[in-house]
There are 2 protein chains.
Amino acid sequence: MPAQTIVPVEANLINALEDRGLRKTSARSAVTTRIETASGAFTAEQLCRDLPEVGRATVYRTIRHLVDAGALCKLPMLDGAPKYSVARNEHHHHTICSRCGAVEEFRHSTVERVMRSLEKEIDGDIVGHRMEIFITCSNCLAESNRGGSSGR
Amino acid sequence: MPAQTIVPVEANLINALEDRGLRKTSARSAVTTRIETASGAFTAEQLCRDLPEVGRATVYRTIRHLVDAGALCKLPMLDGAPKYSVARNEHHHHTICSRCGAVEEFRHSTVERVMRSLEKEIDGDIVGHRMEIFITCSNCLAESNRGGSSGR
DNA sequence: TCCTAATTGATATCAAGTATCAATAAATTG
DNA sequence: CAATTTATTGATACTTGATATCAATTAGGA
């Protein structure tokens, strides 16, 4: 058992698949490393376009596995296809820039505390929650200050 | 101007359309009264099935108008088609029963207060937010207590 | 009533995503 | 390491949800 065979912890996504008893294949590695390399949230179609060597069905299947494993968050958008983002923290929420679509993760204890206070008011058992904050991100703000009305 | 011509305030949805300069047609009335009569949230396809006399395109168009007018909320679901629910209060959130799909509206000042405290922490300008609480509603709880494991 | 612009709805089309299934690749076993 | 078994792949067809087109129809003002 040489120390070299220890898998680096950064390889999160492919591990999440192996933990579920799924085989480590080149297609799945291509998908997971692409997700880990690229920055930020993405749609399934974007991934397909970025990885023409991997079949569409496989891309969709791999995404589904990752969501089932809790390694990816599925974010249904008000219009168009859902976005996916890597789940870095156990429980968290998202900010979504309504101008450029950038998604960031955040967590705040107050939100969780509010949930607990709502339990009394809500008729039924709370089993989960979801919260998205729509923002204009600092990049987009800077751009509109700089460029004037050019911000597409 | 006889008093009789005053429109009852309950006819909310068709009014919302007229307020936007849209004509009051029989197709639109059929859609809005169906929405007002039926209870709870619905999908576009459900409406189409309930109103075979109205064309699909018209159903979808009318829904879109109502959402644009702020009279309907569009709720993207984690899977499948979005649901729509009548917006009774200006600003509110939703509880969604993950067993039967029932949607209820709620509002709570604490949630809004939390939003204000998050403004300091978030990089960018907050332009809105969305929050859904997933519950097992009291009906479903009662049913599973009564029927045992029959809960579908 | 007449006129014009808005509306309708059958149809075609688009987009996102899933099912099928023969060919292929991974793991296992002898 | 070869043989065997089983999971996986991906081209294709299909499903579903929703929108575009456009001739026929209708609402509502003049």
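Just so you know, these numbers come straight off a predicted model, no measurement behind them. Protein chains get the first letters and strands the later ones, always in sequence-line order, with residue 1 at the start of each.
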In whole Å, I'd like the distance from the [atom1] atom of [X] to the [atom2] atom of [N].
X	N	atom1	atom2	value
A:E45	C:dT18	CD	P	11 Å
A:R49	C:dA15	CZ	P	11 Å
A:R23	C:dA26	CZ	P	9 Å
A:L51	D:dG10	CG	C1'	14 Å
B:R56	C:dG9	CZ	P	13 Å
A:L22	C:dA26	CG	P	15 Å
B:H65	D:dA18	NE2	P	16 Å
A:I63	C:dA16	CD1	C1'	12 Å

[X] side chain, from C-beta outward: closest of [options]:
X	options	answer
A:K24	D:dA18, C:dA27, C:dG17	C:dA27
B:R64	D:dT19, D:dT9, C:dG9	D:dT19
B:A57	C:dA16, D:dT6, C:dG9	C:dG9
A:A27	D:dG17, C:dG17, D:dT9	D:dT9

- Given DNA chain C, 5'-ward residue of the pair B:P52 and A:P82, judged by closest heavy atom: B:P52

- Query: With a 3.5 Å cut-off and no angle check, do the side chains of A:H108 and A:H92 form a donor-acceptor pair?
  - Reply: no

- Task: Please evaluate the base of C:dG9 for a donor-acceptor partner in the side chain of B:R61 within a cut-off of under 3.5 Å?
- Result: yes

- Message: Over all strands shown, is B:R28 touching base, sugar-phosphate only, or nothing at heavy-atom distances under 4.0 angstrom?
- Response: sugar-phosphate

- Message: Categorize B:Q46 for me: base, sugar-phosphate, or nothing, with a 4.0 angstrom heavy-atom threshold over every strand shown.
- Response: nothing

- A:Y60 side chain near C:dG17 phosphate (N/O to OP1/OP2, under 4.0 Å): yes

- Task: Could you tell me whether the phosphate oxygens of D:dT9, OP1 or OP2, come under 4.0 Å of any side-chain nitrogen or oxygen in A:T25?
- Result: yes

Answer yes or no: is there an ion pair linking [X] with [Y], defined by an N-O contact shorter than 4.0 Å?
X	Y	value
A:R88	A:E105	no
A:E18	A:R23	no
B:R107	B:E112	no

- Flag yes if more than 12 heavy atoms outside B:D123 fall under 6.0 Å of its CG atom; otherwise flag no. no

